[in-house]
2 protein chains.
Amino acid sequence: MDTLRYYERIGLIDAVERTATGQRRFTDDHLEWLGTLKCLRDTGMPVEQMCRFAHLVREGDHTIDDRIALLEAHRVAVDERMADLAAKRDYISGKIAYYRDVR
Amino acid sequence: MDTLRYYERIGLIDAVERTATGQRRFTDDHLEWLGTLKCLRDTGMPVEQMCRFAHLVREGDHTIDDRIALLEAHRVAVDERMADLAAKRDYISGKIAYYRDVR
DNA sequence: GTTTGCGTTGGAGTCCACTCCAAGTCCTAG
DNA sequence: CTAGGACTTGGAGTGGACTCCAACGCAAAC
(Lines give C-alpha, C1' and ligand atoms only; values in the text may rest on other atoms or scores of the structure.)
Protein backbone atom coordinates (compact mmCIF):
# COMPACT_ATOMS: atom_id res chain seq x y z
CA MET A 1 0.00 0.00 0.00
CA ASP A 2 2.75 2.39 0.88
CA THR A 3 4.45 1.52 -2.35
CA LEU A 4 1.23 2.22 -4.24
CA ARG A 5 0.92 5.60 -2.61
CA TYR A 6 4.54 6.27 -3.44
CA TYR A 7 3.97 5.32 -7.08
CA GLU A 8 0.92 7.54 -7.20
CA ARG A 9 2.88 10.41 -5.72
CA ILE A 10 5.65 10.23 -8.30
CA GLY A 11 3.22 9.92 -11.16
CA LEU A 12 3.65 6.26 -12.00
CA ILE A 13 -0.04 5.70 -11.42
CA ASP A 14 -2.78 8.12 -12.36
CA ALA A 15 -4.70 9.55 -9.46
CA VAL A 16 -6.89 6.68 -8.35
CA GLU A 17 -10.67 6.98 -8.04
CA ARG A 18 -11.89 7.48 -4.52
CA THR A 19 -14.99 6.54 -2.61
CA ALA A 20 -17.01 9.37 -1.06
CA THR A 21 -14.84 9.11 2.04
CA GLY A 22 -11.56 9.26 0.20
CA GLN A 23 -10.52 5.64 0.02
CA ARG A 24 -8.84 4.39 -3.15
CA ARG A 25 -10.85 2.10 -5.42
CA PHE A 26 -8.57 0.34 -7.85
CA THR A 27 -10.14 -0.68 -11.12
CA ASP A 28 -9.20 -3.66 -13.26
CA ASP A 29 -7.34 -1.28 -15.52
CA HIS A 30 -5.31 -0.17 -12.58
CA LEU A 31 -4.56 -3.73 -11.58
CA GLU A 32 -3.37 -4.51 -15.08
CA TRP A 33 -1.18 -1.45 -15.14
CA LEU A 34 0.19 -2.36 -11.74
CA GLY A 35 1.00 -5.80 -13.09
CA THR A 36 2.97 -4.22 -15.89
CA LEU A 37 4.76 -1.92 -13.49
CA LYS A 38 5.60 -4.83 -11.23
CA CYS A 39 6.98 -6.75 -14.16
CA LEU A 40 9.18 -3.88 -15.26
CA ARG A 41 10.33 -3.17 -11.74
CA ASP A 42 11.06 -6.81 -10.95
CA THR A 43 13.16 -7.08 -14.06
CA GLY A 44 15.32 -4.24 -12.84
CA MET A 45 13.94 -1.22 -14.62
CA PRO A 46 14.70 1.88 -12.57
CA VAL A 47 11.70 3.77 -11.29
CA GLU A 48 12.72 6.80 -13.31
CA GLN A 49 12.53 4.89 -16.56
CA MET A 50 9.16 3.49 -15.57
CA CYS A 51 8.03 7.06 -15.12
CA ARG A 52 9.12 7.81 -18.65
CA PHE A 53 7.13 4.83 -19.86
CA ALA A 54 4.09 5.90 -17.85
CA HIS A 55 4.42 9.33 -19.39
CA LEU A 56 4.45 7.87 -22.89
CA VAL A 57 1.36 5.83 -22.14
CA ARG A 58 -0.43 8.91 -20.88
CA GLU A 59 0.57 10.87 -23.98
CA GLY A 60 -1.54 8.65 -26.22
CA ASP A 61 -1.26 6.46 -29.26
CA HIS A 62 1.32 8.47 -31.14
CA THR A 63 3.94 7.30 -28.64
CA ILE A 64 3.55 3.63 -29.48
CA ASP A 65 6.83 3.51 -31.36
CA ASP A 66 8.64 5.08 -28.44
CA ARG A 67 7.09 2.56 -26.09
CA ILE A 68 8.20 -0.30 -28.30
CA ALA A 69 11.71 1.13 -28.37
CA LEU A 70 11.77 1.48 -24.61
CA LEU A 71 10.49 -2.02 -24.00
CA GLU A 72 12.85 -3.52 -26.53
CA ALA A 73 15.81 -1.82 -24.95
CA HIS A 74 14.67 -3.14 -21.63
CA ARG A 75 14.23 -6.63 -22.99
CA VAL A 76 17.80 -6.54 -24.23
CA ALA A 77 18.89 -5.48 -20.77
CA VAL A 78 16.97 -8.37 -19.26
CA ASP A 79 18.51 -10.80 -21.73
CA GLU A 80 21.95 -9.57 -20.85
CA ARG A 81 21.20 -9.87 -17.20
CA MET A 82 20.01 -13.44 -17.66
CA ALA A 83 23.11 -14.35 -19.63
CA ASP A 84 25.27 -12.82 -16.94
CA LEU A 85 23.41 -14.68 -14.24
CA ALA A 86 23.75 -17.94 -16.14
CA ALA A 87 27.51 -17.51 -16.48
CA LYS A 88 27.92 -16.62 -12.84
CA ARG A 89 25.69 -19.43 -11.76
CA ASP A 90 28.09 -21.78 -13.53
CA TYR A 91 30.99 -20.23 -11.69
CA ILE A 92 29.19 -20.84 -8.42
CA SER A 93 28.49 -24.43 -9.44
CA GLY A 94 32.18 -24.81 -10.12
CA LYS A 95 32.99 -23.53 -6.65
CA ILE A 96 30.55 -25.99 -5.13
CA ALA A 97 32.06 -28.85 -7.12
CA TYR A 98 35.50 -27.79 -5.99
CA TYR A 99 34.46 -27.75 -2.35
CA ARG A 100 32.84 -31.16 -2.76
CA ASP A 101 36.13 -32.46 -4.12
CA VAL A 102 38.33 -31.18 -1.34
CA ARG A 103 35.93 -32.13 1.40
CA MET B 1 38.75 1.50 -5.44
CA ASP B 2 36.31 3.04 -3.03
CA THR B 3 34.34 -0.17 -3.11
CA LEU B 4 37.48 -2.15 -2.37
CA ARG B 5 38.26 0.05 0.61
CA TYR B 6 34.67 -0.35 1.74
CA TYR B 7 34.92 -4.14 1.46
CA GLU B 8 38.17 -4.10 3.38
CA ARG B 9 36.61 -1.97 6.08
CA ILE B 10 33.67 -4.29 6.64
CA GLY B 11 35.86 -7.37 6.66
CA LEU B 12 35.03 -8.84 3.28
CA ILE B 13 38.66 -8.67 2.30
CA ASP B 14 41.58 -9.38 4.60
CA ALA B 15 43.81 -6.42 5.28
CA VAL B 16 45.79 -6.04 2.08
CA GLU B 17 49.58 -5.96 2.00
CA ARG B 18 51.04 -2.50 1.68
CA THR B 19 54.16 -1.04 0.11
CA ALA B 20 56.53 0.85 2.39
CA THR B 21 54.55 3.99 1.68
CA GLY B 22 51.21 2.47 2.49
CA GLN B 23 49.81 1.67 -0.93
CA ARG B 24 47.83 -1.52 -1.35
CA ARG B 25 49.45 -4.31 -3.31
CA PHE B 26 46.85 -6.85 -4.35
CA THR B 27 48.12 -10.38 -4.82
CA ASP B 28 46.77 -12.96 -7.25
CA ASP B 29 45.00 -14.57 -4.32
CA HIS B 30 43.25 -11.30 -3.64
CA LEU B 31 42.25 -10.94 -7.24
CA GLU B 32 40.78 -14.41 -7.25
CA TRP B 33 38.87 -13.73 -4.05
CA LEU B 34 37.66 -10.44 -5.48
CA GLY B 35 36.43 -12.34 -8.51
CA THR B 36 34.45 -14.63 -6.27
CA LEU B 37 33.05 -11.69 -4.35
CA LYS B 38 32.08 -9.95 -7.55
CA CYS B 39 30.34 -13.07 -8.75
CA LEU B 40 28.35 -13.42 -5.56
CA ARG B 41 27.51 -9.74 -5.44
CA ASP B 42 26.51 -9.57 -9.10
CA THR B 43 24.18 -12.49 -8.60
CA GLY B 44 22.40 -10.60 -5.88
CA MET B 45 23.92 -11.91 -2.70
CA PRO B 46 23.61 -9.28 0.02
CA VAL B 47 26.85 -7.92 1.40
CA GLU B 48 25.99 -9.28 4.81
CA GLN B 49 25.77 -12.83 3.53
CA MET B 50 29.04 -12.40 1.70
CA CYS B 51 30.54 -11.40 5.02
CA ARG B 52 29.30 -14.63 6.51
CA PHE B 53 30.91 -16.52 3.64
CA ALA B 54 34.17 -14.61 4.07
CA HIS B 55 34.08 -15.46 7.74
CA LEU B 56 33.66 -19.17 6.96
CA VAL B 57 36.58 -19.06 4.56
CA ARG B 58 38.73 -17.43 7.21
CA GLU B 59 37.73 -20.05 9.78
CA GLY B 60 39.46 -22.82 7.86
CA ASP B 61 38.75 -26.17 6.31
CA HIS B 62 36.24 -27.43 8.85
CA THR B 63 33.72 -24.97 7.45
CA ILE B 64 33.68 -26.49 3.98
CA ASP B 65 30.27 -28.08 4.50
CA ASP B 66 28.84 -24.77 5.63
CA ARG B 67 30.29 -23.06 2.61
CA ILE B 68 28.75 -25.64 0.31
CA ALA B 69 25.39 -25.15 2.01
CA LEU B 70 25.65 -21.39 1.65
CA LEU B 71 26.62 -21.53 -2.00
CA GLU B 72 23.95 -24.09 -2.79
CA ALA B 73 21.28 -21.97 -1.19
CA HIS B 74 22.53 -19.06 -3.21
CA ARG B 75 22.54 -21.06 -6.40
CA VAL B 76 18.91 -21.93 -5.79
CA ALA B 77 18.16 -18.26 -5.32
CA VAL B 78 19.91 -17.47 -8.58
CA ASP B 79 17.97 -20.18 -10.38
CA GLU B 80 14.73 -18.78 -9.08
CA ARG B 81 15.73 -15.32 -10.12
CA MET B 82 16.53 -16.53 -13.60
CA ALA B 83 13.22 -18.34 -13.89
CA ASP B 84 11.41 -15.22 -12.74
CA LEU B 85 13.31 -13.07 -15.22
CA ALA B 86 12.52 -15.50 -18.03
CA ALA B 87 8.81 -15.40 -17.26
CA LYS B 88 8.76 -11.64 -17.05
CA ARG B 89 10.82 -11.30 -20.17
CA ASP B 90 8.08 -13.21 -21.97
CA TYR B 91 5.48 -10.86 -20.59
CA ILE B 92 7.48 -7.94 -21.93
CA SER B 93 7.77 -9.66 -25.29
CA GLY B 94 4.02 -10.05 -25.29
CA LYS B 95 3.60 -6.33 -24.62
CA ILE B 96 5.93 -5.53 -27.48
CA ALA B 97 4.04 -7.85 -29.82
CA TYR B 98 0.80 -6.21 -28.75
CA TYR B 99 2.13 -2.74 -29.47
CA ARG B 100 3.42 -3.92 -32.85
CA ASP B 101 -0.07 -5.16 -33.62
CA VAL B 102 -1.91 -2.00 -32.74
CA ARG B 103 0.62 0.29 -34.37
C1' DG C 1 62.48 17.80 -12.46
C1' DT C 2 57.94 18.96 -12.96
C1' DT C 3 53.42 17.93 -14.14
C1' DT C 4 49.67 14.71 -14.20
C1' DG C 5 47.30 11.67 -11.89
C1' DC C 6 46.66 7.80 -8.81
C1' DG C 7 46.97 6.43 -4.04
C1' DT C 8 46.08 7.38 1.10
C1' DT C 9 42.91 8.56 5.29
C1' DG C 10 38.41 8.96 8.29
C1' DG C 11 34.32 10.39 7.93
C1' DA C 12 30.43 12.33 5.78
C1' DG C 13 27.23 12.28 1.96
C1' DT C 14 24.44 10.22 -1.75
C1' DC C 15 21.22 7.50 -4.15
C1' DC C 16 17.40 4.55 -4.72
C1' DA C 17 13.34 2.70 -3.48
C1' DC C 18 10.76 2.33 -0.46
C1' DT C 19 8.80 2.25 4.49
C1' DC C 20 7.21 4.06 8.62
C1' DC C 21 4.98 7.49 11.62
C1' DA C 22 1.09 9.74 14.29
C1' DA C 23 -3.31 11.00 14.47
C1' DG C 24 -7.29 10.42 12.74
C1' DT C 25 -11.44 8.18 9.94
C1' DC C 26 -13.92 4.43 8.12
C1' DC C 27 -15.34 -0.35 7.26
C1' DT C 28 -16.61 -4.99 8.63
C1' DA C 29 -17.39 -9.07 11.52
C1' DG C 30 -19.63 -10.69 15.35
C1' DC D 1 -23.25 -1.44 18.73
C1' DT D 2 -18.71 -2.06 19.41
C1' DA D 3 -14.06 -3.75 18.71
C1' DG D 4 -10.44 -4.39 15.67
C1' DG D 5 -8.45 -3.79 11.62
C1' DA D 6 -7.67 -1.25 7.33
C1' DC D 7 -7.51 3.07 5.24
C1' DT D 8 -6.23 8.32 5.00
C1' DT D 9 -2.62 12.29 5.08
C1' DG D 10 2.15 14.82 4.66
C1' DG D 11 6.33 14.26 5.89
C1' DA D 12 10.16 12.09 7.97
C1' DG D 13 13.02 7.99 8.41
C1' DT D 14 15.30 3.64 6.85
C1' DG D 15 18.42 0.29 4.70
C1' DG D 16 21.67 -1.16 1.59
C1' DA D 17 25.52 -0.30 -0.90
C1' DC D 18 28.28 2.37 -2.10
C1' DT D 19 30.55 7.09 -3.32
C1' DC D 20 32.59 11.31 -2.50
C1' DC D 21 35.36 14.71 0.10
C1' DA D 22 39.66 17.46 1.31
C1' DA D 23 44.19 17.49 1.98
C1' DC D 24 47.88 15.31 1.25
C1' DG D 25 51.90 11.83 -0.46
C1' DC D 26 53.88 9.37 -3.92
C1' DA D 27 54.55 7.47 -8.77
C1' DA D 28 55.11 7.41 -13.69
C1' DA D 29 55.58 9.91 -18.05
C1' DC D 30 57.92 13.13 -20.58
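Throughout, protein chains are lettered first and strands after them, A, B, ... in sequence-line order, and every chain is numbered starting at 1.
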Closest non-hydrogen atom pair, A:M50 against A:L40: SD-CB, 3.8 Å
A:R5 side-chain N/O to A:R9 backbone N/O, donor-acceptor pair under 3.5 Å: no
Atom CZ of B:F26 with >12 non-hydrogen neighbours under 6.0 angstrom: yes
B:E72 bridged to A:R89 by N-O distance under 4.0 Å: no
Pair B:Y91-A:T43, side-chain donor/acceptor within less than 3.5 Å: no
D:dT8 phosphate, OP1 or OP2, under 4.0 Å from A:R9 side-chain N/O: no
Test item: side-chain donor near acceptor, B:S93 and A:R75, under 3.5 Å: yes
Residue whose nearest DNA chain D nucleotide is more 5′ - A:R25 or A:R5: A:R25
Between C1' of D:dC7 and CZ of A:F26, the distance in whole Å: 11 Å
Within residues 30-53 of chain A, residues whose heavy atoms come under 4.0 Å of DNA chain D: none
Heavy-atom donor-acceptor pair, B:T27 side chain to B:H30 backbone, under 3.5 Å: yes
Parallel, tilted or perpendicular, as decided by the 30° and 60° cut-offs, for the rings of A:W33 and A:F53: parallel
Rounded interatomic separation in angstrom, taking OH from A:Y6 and C1' from D:dG13: 14 Å
Interatomic distance, A:D2 CG vs D:dA12 C1' [rounded to whole Å]: 12 Å
Start and end of chain A contact along DNA chain C [non-hydrogen atoms, under 4.0 Å]: C:dA17 to C:dC27
